[in-house]
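Note sheet for the following structure.
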Amino acid sequence: MRCWLNLLLVVLLVATASTSLVSAAFVKPLTPYRSYDKGEPVVVLAHPLRSIFVDVFAHDHLSLGFCGPTSEAEQDKFDATLGERLLGDNAHVLPMNVTFMQNTTCQVMCTKTYSPEQSTRIIKAAEALVQHHWTIGDIPINNGFENYRRARFPMGNLATALALNNDFTITVYVNEYDMITAAEARVASLRHAASAEDSCAESAGLGHRVLTMDTNATVTYSYSVLFIRGDPSWSYEDEANELHVFSLVNNIVVLLVILATFFFVVIRALRSDFARYERLDDESPAEEAGWKLVHGDVFRAPRRPLLLAALVGSGVQVALAAILTVFFAAIGVVSEFTPGSIASCVLFTYAIFGAAAGFVAARLYKSLGGERWKSLLLVTGTAFPGLLFLLGVIANGVKAAHDAADAASTGTVFVVLAVWIFLLLPLCLIAGLIGFRTAPISFPVKINTLPRFLPQHSPFFARMVPIIVVCGLVSLAPIGIEWVAMTSALYSSNLYVWFPYLLTALIMFLAQTATQVVLFVYLRLRAENYHWWWVSFIAPAAVGIPIFVQSAFNLLSHNVVFGSGGSGVFNYFIVVIIAALTFSIMAGAAGMLACLWFTRKIYASIKIS
């Protein structure tokens with residue numbers, strides 16, 4: 001047993017090393033915080049412009065006619081990671097001469113001449129509230145206006161005509177370790193004087209730079225950069241921070257209540273049951289009742305054990321990948337400011353933990369008497385990953401059909417497919433073979449030859465539907481607020497930065513899910529109903545339904561602008577479906593494994609005649 005576990009550990013270590021080598025060509029340092037030398041150049045990137053409305057697809061920075069790199073050598077300063085390519089984060093290097101700790105004032109970025117058609121595109125994008133998203137040293141540049149702290153800033157003011165923002169004053173905050181920790185920009189619309197040497201202060205008196213749809217326009221873009229040692233008066237986590245703290249405290253209280261209910265109800269009832277069963281005469285089986293009465297059927301293999309084992313293995317894989325990725329984001333190994341690094345981490349950790357999926361599925365399936373190991377490993381390695389891949393391809397295809405700037409290229413899609421086929425699937429197969437060669441899970445009681453008849457009437461709390469409803473709704477509580485924040489960031493194209501709260505919420509979600517489903521399975525066994533295998537998986541997995549409903553309500557409660565005929569909303573719901581499926585399969589695996597541990601413990605503690 002131990003040698004096989006050691007071999008599995010070696011496989012995981014080899015997979016990790018091979019993943020590091022494979023991803024070396026795609027992954028740059030995952031955290032943006034680095035020390036700069038005085039006088040060192042700092043790169044400013046312009047990312048795809050996104051709207052605060054979910055149905056408006058991303059626009060490419062250069063396609064709208066804004067300033068871009070002056071040469072291929074300049075653009076080579078930005079090397080996209082695999083995660084950035086997957087998310088379609090095609091950033092462009094801005095022609096800004098920024099040197100660390102050297103202030104610059106009113107420098108010309110570029111001068112553009114727009115035809116009426118180009119001006120019309122910019123005006124329509126501004127009307128759809130498409131906004132700039134820039135980073136300096138991979139740190140997002142926040143909007144400098146105190147009443148609108150976002151990592152984006154508007155293209156212009158649409159009071160009457162479009163007063164195009166063409167002057168950018170960037171304030172960069174540096175700590176004592178010469179690291180850039182924050183940045184903000186104040187934007188303005190200036191009608192620059194004819195001479196490029198004129199200051200922006202003098203140009204401010206000439207009025208705004210207004211674009212119209214019927215005339216040519218020449219626009220000069222200017223910038224100023226100011227470095228300040230110290231911290232800003234704001235932080236990227238300021239918004240709704242109190243709400244996340246309240247959610248954390250509320251989740252802890254709810255979990256404590258559920259744990260208290262479990263210990264005071266289940267543990268006390270079990271002690272009473274153990275005492276009663278010990279008083280019974282071993283030769284009086286007729287006096288047996290409750291969960292002891294079904295000891296000969298409680299570990300009988302359920303229907304479709306192959307499917308159950310594959311789902312549980314996939315759930316363990318998703319849970320481990322999610323916890324590890326969120327943990328890395330919470331401690332700063334990967335940056336919440338660079339979604340591409342998070343996407344890279346998700347992709348490779350999910351592929352690596354294909355080994356966990358194969359091992360868990362194989363050992364569980366073998367313990368249930370399964371022999372079709374080839375079919376099991378094929379289903380485990382392809383069913384759920386294939387579903388996620390298919391949904392992702394559909395969403396990306398919709399983006400590509402609308403020429404969205406954040407659509408992943410065909411080459412990137414094939415790279416993801418290669419990671420699935422040549423990394424995830426082999427690890428799943430190798431670990432699955434190890435799982436089948438490992439001793440099966442031992443059950444403390446023997447299984448009867450013939451199944452016992454179920455009682456005709458079960459208590460309300462032991463029936464399938466009430467258990468599913470209660471578990472599905474209550475399981476939403478630990479992750480409710482964090483999920484609202486994530487969906488809000490999704491449909492408003494904003495950053496989600498509260499990963500420490502998400503980590504605690506995720507752990508409490510799994511703990512609460514496991515505890516409550518064990519409670520209901522105990523009540524079901526006490527009602528002499530031994531069909532618990534699928535109940536322990538389906539009941540917690542039902543959390544995906546309220547997650548989907550809540551996401552739909554969050555979207556519809558805001559103003560939805562159908563700028564692409566509903567295609568953006570369609571993509572939003574594809575992402576929500578992917579998230580709901582991942583939470584469902586995680587919760588189902590946690591519930592089933594917890595109930596398996598619980599039933600083995602209680603039946604190993606009694607004497608069977």
Side-chain angles (χ1 to χ4, degrees), residues 32 42-53 56 58-68 89 91-96 98 104 106-107 109-110 112 121-159 161-173 180-190 192 200 204 208-211 219-226 228 232-239 337-339 405-406 488-489 491-497:
V42 183
V43 177
V44 182
L45 297 175
H47 299 264
L49 292 85
R50 303 178 189 273
S51 172
I52 65 172
F53 298 122
V56 179
H59 291 66
D60 184 70
H61 182 80
L62 297 184
S63 68
L64 288 177
F66 295 116
C67 300
D89 191 6
H92 300 284
V93 177
L94 291 175
M96 299 172 61
V98 180
T104 57
C106 196
Q107 300 295 310
M109 189 185 310
C110 71
K112 293 286 185 177
R121 289 194 61 194
I122 295 176
I123 292 172
K124 289 187 177 297
E127 289 175 347
L129 297 185
V130 173
Q131 298 181 340
H132 290 285
H133 173 37
W134 292 4
T135 57
I136 180 168
D138 287 333
I139 299 295
I141 300 178
N142 227 1
N143 194 320
F145 295 98
E146 295 182 358
N147 60 342
Y148 191 75
R149 292 291 185 186
R150 296 289 191 277
R152 308 186 187 279
F153 40 90
M155 295 172 57
N157 188 354
L158 283 166
L162 175 61
L164 184 66
N165 290 328
N166 60 337
D167 180 70
F168 308 91
T169 301
I170 302 174
T171 303
V172 183
Y173 296 91
I180 298 176
T181 58
E184 63 179 352
R186 291 184 175 270
V187 295
S189 178
L190 301 181
H192 285 281
C200 296
H208 299 301
R209 175 66 270 183
V210 178
L211 289 187
V219 180
T220 297
Y221 291 89
S222 59
Y223 67 95
S224 302
V225 179
L226 175 64
I228 296 178
S233 58
W234 50 271
S235 70
Y236 294 100
E237 296 85 2
D238 275 348
E239 182 188 2
F337 298 147
T338 53
D406 56 350
S488 299
Y491 61 66
S492 62
S493 298
N494 201 18
L495 292 175
Y496 178 86
V497 296

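Predicted model only: the values in this text are computed from it and were never measured.
Remark: aromatic rings of Phe153 and His133 are distant, center separation not under 6.0 Å.
Note: Leu64 CG to Arg121 CZ = 5.5 Å, rounded to the nearest 0.5 Å. Between atom CD of residue Glu184 and atom OH of residue Tyr173 there is a gap of 4.0 Å, rounded to the nearest 0.5 Å. Remark: His47 NE2 to His61 NE2 distance equals 10.5 Å, nearest 0.5 Å. In this structure, OG in Ser51 is found 10.5 Å from CE in Met155, a value given to the nearest 0.5 Å.
Ala126 and Leu162 make their closest contact through CB-CD1, 3.8 Å (heavy atoms, listed as atom of the first residue, atom of the second, distance). The two residues Val130 and Leu49 have their closest heavy-atom pair at CG1-CB, 3.3 Å. For the residue pair Ala183 and Ile139, the shortest heavy atom distance occurs at N-CG2, 4.3 Å. What you find for Ala185 and Ile141 is that their closest heavy atoms are CB-CG2, 3.5 Å.
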Test Thr169 against Leu226 for side chain to side chain contact (heavy atoms under 4.5 Å, CB included), laying out the working first. CA-CA 8 Å; Thr169 301; Leu226 175 64; 5.9 Å; no
Before you tell me yes or no, could you show the steps for Asp406 and Arg50 under salt bridge (charged side-chain N to carboxylate O under 4.0 Å, His left out), namely the whole-Å CA-CA distance, both residues' side-chain angles and the distance that decides it to 0.1 Å? CA-CA 9 Å; Asp406 56 350; Arg50 303 178 189 273; 2.7 Å; yes
Leu94/Leu45 under side chain to side chain contact (heavy atoms under 4.5 Å, CB included): CA gap, chis, key distance, verdict: CA-CA 6 Å; Leu94 291 175; Leu45 297 175; over 6 Å; no
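Side chains of Ile170 and Ser224 form no contact here, defined as non-hydrogen atoms less than 4.5 Å apart. Counting heavy atoms from C-beta outward, Val93 and Val44 have side chains that stay 4.5 Å or more apart. Between Met109 and Met96, some side-chain heavy-atom pair lies under the 4.5 Å cut-off. Residues Tyr223 and Thr104 meet the side-chain proximity criterion, which asks for heavy atoms closer than 4.5 Å. Residues Thr171 and Ile228 have side chains in contact (heavy-atom distance under 4.5 Å, counting atoms from C-beta outward). Between Ile136 and Val172, some side-chain heavy-atom pair lies under the 4.5 Å cut-off.
Proximity of a side-chain donor or acceptor of Asp167 to a complementary backbone N or O of Ala188 within less than 3.5 Å is not detected. Put simply, the side chain of Asn165 gets close to the backbone of Pro154: a donor and an acceptor are under 3.5 Å apart. Put simply, the side chain of Ser189 gets close to the backbone of Leu164: a donor and an acceptor are under 3.5 Å apart. Using a distance-only test at 3.5 Å, with no hydrogens or angles considered, no donor-acceptor pair links the side chain of Ser222 to the main chain of Cys106. Put simply, the side chain of Asn142 never gets that close to the backbone of Arg152: no donor and acceptor are under 3.5 Å apart.
Between Phe168 and Tyr221, the ring-plane angle classifies as parallel under the 30° and 60° cut-offs.
Residues meeting the side chain to side chain donor-acceptor pair (under 3.5 Å) test with His59, sequence neighbours left out: none. Scored by the salt bridge (charged side-chain N to carboxylate O under 4.0 Å, His left out) test, Asp60 finds no partners at all (sequence neighbours excluded).
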